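Some notes on the structure that comes next.
Within every chain, numbering begins at 1; the chains are lettered A, B, ... in the order of the sequence lines, protein sequences first and strands thereafter. Note that these values count all heavy atoms, side chains included, but never hydrogens, waters or copies made by symmetry. Small disclaimer: the values here were computed from a predicted structure and weren't measured.
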There are 2 protein chains.
Amino acid sequence: MKQSMSLIPTLKETPADAEIKSHIYLLRAGFMRQNASGVYSFLPLGKRVLAKIENIVREEMDRAGAAEVLMSALQPAELWQESGRWYSYGPELMRLKDRHERDFALGATHEEMITTLVRDEIKSYKRLPLTVYQIQSKFRDEKRPRFGLLRGREFLMKDAYSFHAEASSLDDTYERMKDAYSAIFSRCGLNFRAVLADSGAIGGKDNHEFMVLSEIGEDTIAYSDSSDFAANIEMAPVIDQYEKSYEAPLELEKKETPNQKTIEEVSQFFQLDASKCIKSLLFKTGEEFVLVLVRGDHEVNDVKLNHLLDGQETELATPEEVKELLGTSIGSLGPIGVKQVKIIADHAVKYIVNGVCGANEDGYHFINVNPERDFSETEYQDIRLIQEGDPSPDSLGTIKFAKGIEVGHVFKLGTIYSEKLNAAFLDENGKSKPMIMGCYGIGVSRLVAAIAEQFSDEKGLLWPDAVAPYQIHLIAVNPKEEAQSRLADELYSQLQSLGYEVLYDDRQERPGVKFADSDLFGIPVRLTVGKQASDGIIEWKERKNGEMKEVKVEALTEELASRFKK
Amino acid sequence: MKQSMSLIPTLKETPADAEIKSHIYLLRAGFMRQNASGVYSFLPLGKRVLAKIENIVREEMDRAGAAEVLMSALQPAELWQESGRWYSYGPELMRLKDRHERDFALGATHEEMITTLVRDEIKSYKRLPLTVYQIQSKFRDEKRPRFGLLRGREFLMKDAYSFHAEASSLDDTYERMKDAYSAIFSRCGLNFRAVLADSGAIGGKDNHEFMVLSEIGEDTIAYSDSSDFAANIEMAPVIDQYEKSYEAPLELEKKETPNQKTIEEVSQFFQLDASKCIKSLLFKTGEEFVLVLVRGDHEVNDVKLNHLLDGQETELATPEEVKELLGTSIGSLGPIGVKQVKIIADHAVKYIVNGVCGANEDGYHFINVNPERDFSETEYQDIRLIQEGDPSPDSLGTIKFAKGIEVGHVFKLGTIYSEKLNAAFLDENGKSKPMIMGCYGIGVSRLVAAIAEQFSDEKGLLWPDAVAPYQIHLIAVNPKEEAQSRLADELYSQLQSLGYEVLYDDRQERPGVKFADSDLFGIPVRLTVGKQASDGIIEWKERKNGEMKEVKVEALTEELASRFKK
């Protein structure tokens, strides 16, 4: 397309409110504009990137055997009332009334729609399994929209839903979808991880988030430096593998420790490493209390503790409750002599030799504590947060941390929705059963930002070939010079007829403006027709590494073919 | 795709509420399902047709030099308040509040969005002209949604907007868009007309609707049987071309006509053709009255009359006003002797020889009326509705009527929106001027129905190749027979790898069900693998004309290549 005919308004300054690279550059390079908080319009360059990503998603979904549909954004409230989410979804669900005062939700997600649709059309195991997907605008009234496309209120999403007669069939589809997701994010050029995630309130066993690694990510991922293990830090198991100490156990002693309450204070007071201190915390779950022990350099993992305590809500006991139950303030809590409550300790605690813990008496601690000797009635479990440097749970390599942007999510729903919405089928024996479901989402417009976040430099964007808005940015330095404009016009026609996607800067602008815009756009190959046009020589620049070379016009198509593997 | 993996729920019965062919078949063949009144979800077959149409639209828009964007559906109310349409659009505009109680409109159309976007980014004539388009779901809360996709509340639309510094530039783009629209509808295989339409309240001179000819259309089109002339009947000019009578004028006589009031009664009373009667109607426009004359077999065209009377609102005078002004009841109105009001007559009246008209005296008419002799103070104008059999206004052929479904609309907006929304640019002399605009819409989902309406028979749909959901419907009659399923499987892989779009009915269903479904779907070529599979023979059926033939497997790819011009 000729740039003079497109709408690509670039900005020299960083717009207010734009804090992160992707947001700044997508605005500055004219890929999009904001209409309202968290609501954006895609201008021609942004729309092209979006379309590239959509096509990749569509190809991989089709390949995975999913059938494309397009459900409506307007959803009758009755469906959401039937599932209960009309009440539980909260203000994030945008709602409106039609002219007859009937309530509608604006599609934030489509579980209700697809489940009732499939319920009404499919009655037999013979028509299962079935996987459908759609690519569609979704609406969620985020409390704090921010980071541009990363957390918006209207955004493009691919959502897929699968229906099964057997759990094993869901397993197959789940794996196929995971593979398709990996293919999609790989084709987008992204550095990503499939991360084991918490299933939260919905339940469901398998649940992976696809995270694009980025320092601005809101989630922390624990991953192995030598395998593909990756998990949300709260979900990463810690294996029971610690170095054994050969130190001889000494005799337990109670010591006065005036005003020494925190692990830092106590470890400094005794000149002991924090890893030899036992951190004792009293938790309350329902009406019961439990004393939880982790090593001084470790942190309790609330998610693991919750799972261990049957998923009941768990919270720290108040100082008053601690005092009443164990007769001490929080700073001197410890396990020795405790009979009133159950003790759960992290595996690591077991390996402590001659450690320190509170004495359940204000201003006193025990030293030379040896767990199995001094408080034997203890259940050992994996209840701590994984840390950098821990062995990977698959025993391959060492754990590192990274921040991630969630771009995809695959989830085994089980029968949650099919039971609520009565989506049942008759099995081979004529018995009615709820369909088993999976759901699979990709943030398509969020991907635009995630890619921009990973691929930029100080001058602008650096699109990977597969998602670049154009392959070639052709610039006529001075279109008023006839030799230049003639050659550039010719190349524009020729390259287009060869099937290349070309943006042609035919504007009457200063060369500096054109080059700066080109760097902002991040189109992979820049071809500049300048003073050497009359000699049939143009300049080739690779945006990614800045490499420049001069190319004879006669050699151009061959070089391009080799560059773009045509 | 394998049919067993898709969601194509066919219905044997005509669903309630479905009155027209397209609605009935799109439901019965499982192309879509209704979610709420006027709100539909596209199932896999419907989504594929939609995608085909989208691609055609996109290709022709790109070719016409328009740049694709994607604006948000959520539109801040402020924009609509600025244009005034927040108040004037009425209940058709769907509205909602966000969690902060801010008002939003759901995009019914995007003039406000694009005009303010362009206003904020373009300041100079150098960046004009500009044409942008998008393909997007629109929301209009129709009072009476009906006919399935033809009048829905959520529907897919292509809307384009152009911005210009000069009127001549708008003219160019308007013509280019008209050509693009013709290309789009031709590629969809449609029988359509570009119809001159009334600009209504918005003003704007050029304004064409693209109508797909169909008996269920809500608009009447007058078109030439020998040229491409077509117009909304209210917009069709009538040329001043009538046969001259050589009858000798007789002497004017007043006759008693007791209880003869209507043209039918009077013409029967005098045994004269209605074409010799003069129909006289008193209209009121503002505070003025005008006596309007048309031939007895013609009808006054209100739109033409309005335009003639400076676009003022015009209505028939009441019987009381007629009595007061001309001293008669409506049944005896006539032009002779009238001086109190202006007389406007249709051209055809001029040619009447020895006609009849009311005498402005209850129960009396004149006979042997000769207009130029008997009421000379008369202005002759084109003020009647065109009729079938009239000469075409371009003098090529004869007018016929047809009903049409509006599928596209091109419109010169002029400066209506740019003035209201302050979208100005600086011209070559540094003078600020409002941008001149055009807008161009296509009902993309409505096209699905319009095509279905034109292409169906008593068994189901008959998609033209370019928009068919698949090219080939491959059926294994009895997949349990190994020879059949093996050959069908092979053909499925082979045809797909050759780039054909194949729907493969691999279901365990009775042959009758499969064939009936196939006819319903309307995929152009049906290939049936049946008993002759072991002899390498399959059956080929052209859905359109029902022609069947047997084809050797070895010859299949060649025959397909010739059929689909590959």
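- A 6.0 Å sphere centred on CD of B/E166 holds no more than 12 heavy atoms belonging to other residues, nucleotides or ligands.
- Proximity to chain A (any heavy atom under 4.5 Å) is shown, for B/Q75, by neither the backbone nor the side chain.
- For chain A, the option among B/L11, B/D98, B/T131, B/D120 with the highest count of heavy-atom pairs below 4.5 Å is B/D98.
- Note: A/K143 leads A/R507, A/R153, A/K143 in heavy-atom pairs under 4.5 Å with chain B.
- Only the backbone of B/A66 comes within less than 4.5 Å of a heavy atom of chain A; no side-chain atom from C-beta onward does.
- With hydrogens and angles ignored, the 3.5 Å screen pairs a side-chain donor or acceptor of B/D141 with a backbone N or O of A/R99.
- Pairing each heavy atom of B/L7 with each of A/I122, the nearest pair is CD1-CD1, 4.0 Å.
- Using a 4.5 Å cut-off between heavy atoms, A/Q134 does not touch chain B at all.
- If you tally non-hydrogen atom pairs under 4.5 Å between each of A/G65, A/S37, A/S4, A/A51 and chain B, the highest count goes to A/G65.
- Residues satisfying the ring pair (Phe, Tyr, Trp, His ring centres under 6.0 Å) test with B/Y161, not counting sequence neighbours, are none.
- The residue among B/L43, B/L74, B/L130 with the most heavy atom pairs within less than 4.5 Å of chain A is B/L74.
- Contact annotation for B/R48: neither backbone nor side-chain heavy atoms come within less than 4.5 Å of a heavy atom of chain A.
- With a threshold of 4.5 angstrom between heavy atoms, B/M113 approaches chain A through side-chain atoms but not through N, CA, C or O.
- Among A/V39, A/L70, A/L117, A/D62, the residue making the largest number of heavy-atom pairs under 4.5 Å with chain B is A/L70.
- Heavy atoms only, all atoms of each residue included: A/E509 and B/R127 are closest at OE2-NH1, 3.4 Å.
- For B/L45, no part lies near chain A; criterion is any non-hydrogen pair under 4.5 Å.
- Every residue meeting the salt bridge (charged side-chain N to carboxylate O under 4.0 Å, His left out) condition with A/D103, not counting sequence neighbours, appears here in chain and number order: A/K97.
- Nearest approach of B/L96 to A/L96, heavy atoms of both residues: CB-CB, 3.8 Å.
- For B/S72, the parts sitting under 4.5 Å from any heavy atom of chain A are the backbone and the side chain alike.
- Distance alone, capped at 3.5 Å, is enough to place a donor-acceptor pair between the B/E154 side chain and the A/A73 backbone.
- By the neighbour-count criterion of 12 heavy atoms within 6.0 Å, atom NZ of B/K123 is densely surrounded, having more than that number from other residues, nucleotides or ligands.
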Between B/R33 and A/E121, is a salt bridge (Lys or Arg N to Asp or Glu O under 4.0 Å) present by the stated rule, with each step listed? CA-CA 10 Å; B/R33 284 294 179 264; A/E121 305 297 346; 2.7 Å; yes

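- Your options are B/H100, B/M94, B/M32, B/E78, and the one with the most heavy-atom pairs under 4.5 Å with chain A is B/M94.
- For a residue to count as touching a neighbouring chain, one of its non-hydrogen atoms must lie under 4.5 Å from one of that chain's; by this rule B/M1 touches chain A with the side chain only.
- Of the residues considered (A/E68, A/K2, A/Q508), A/E68 shows the highest number of contacts with chain B, using heavy-atom pairs under 4.5 Å.
- Interface remark: B/L50 contributes side-chain atoms only to the contact with chain A (heavy atom separation under 4.5 Å).
- With a 4.5 angstrom heavy-atom cutoff, A/L106 touches chain B only via side-chain atoms.
- Scanning both residues, B/P76 and A/N35, for their nearest heavy atoms gives CG-O, 3.4 Å.
- Residue contact with chain B, scored on non-hydrogen atoms closer than 4.5 Å, is absent for A/S137.
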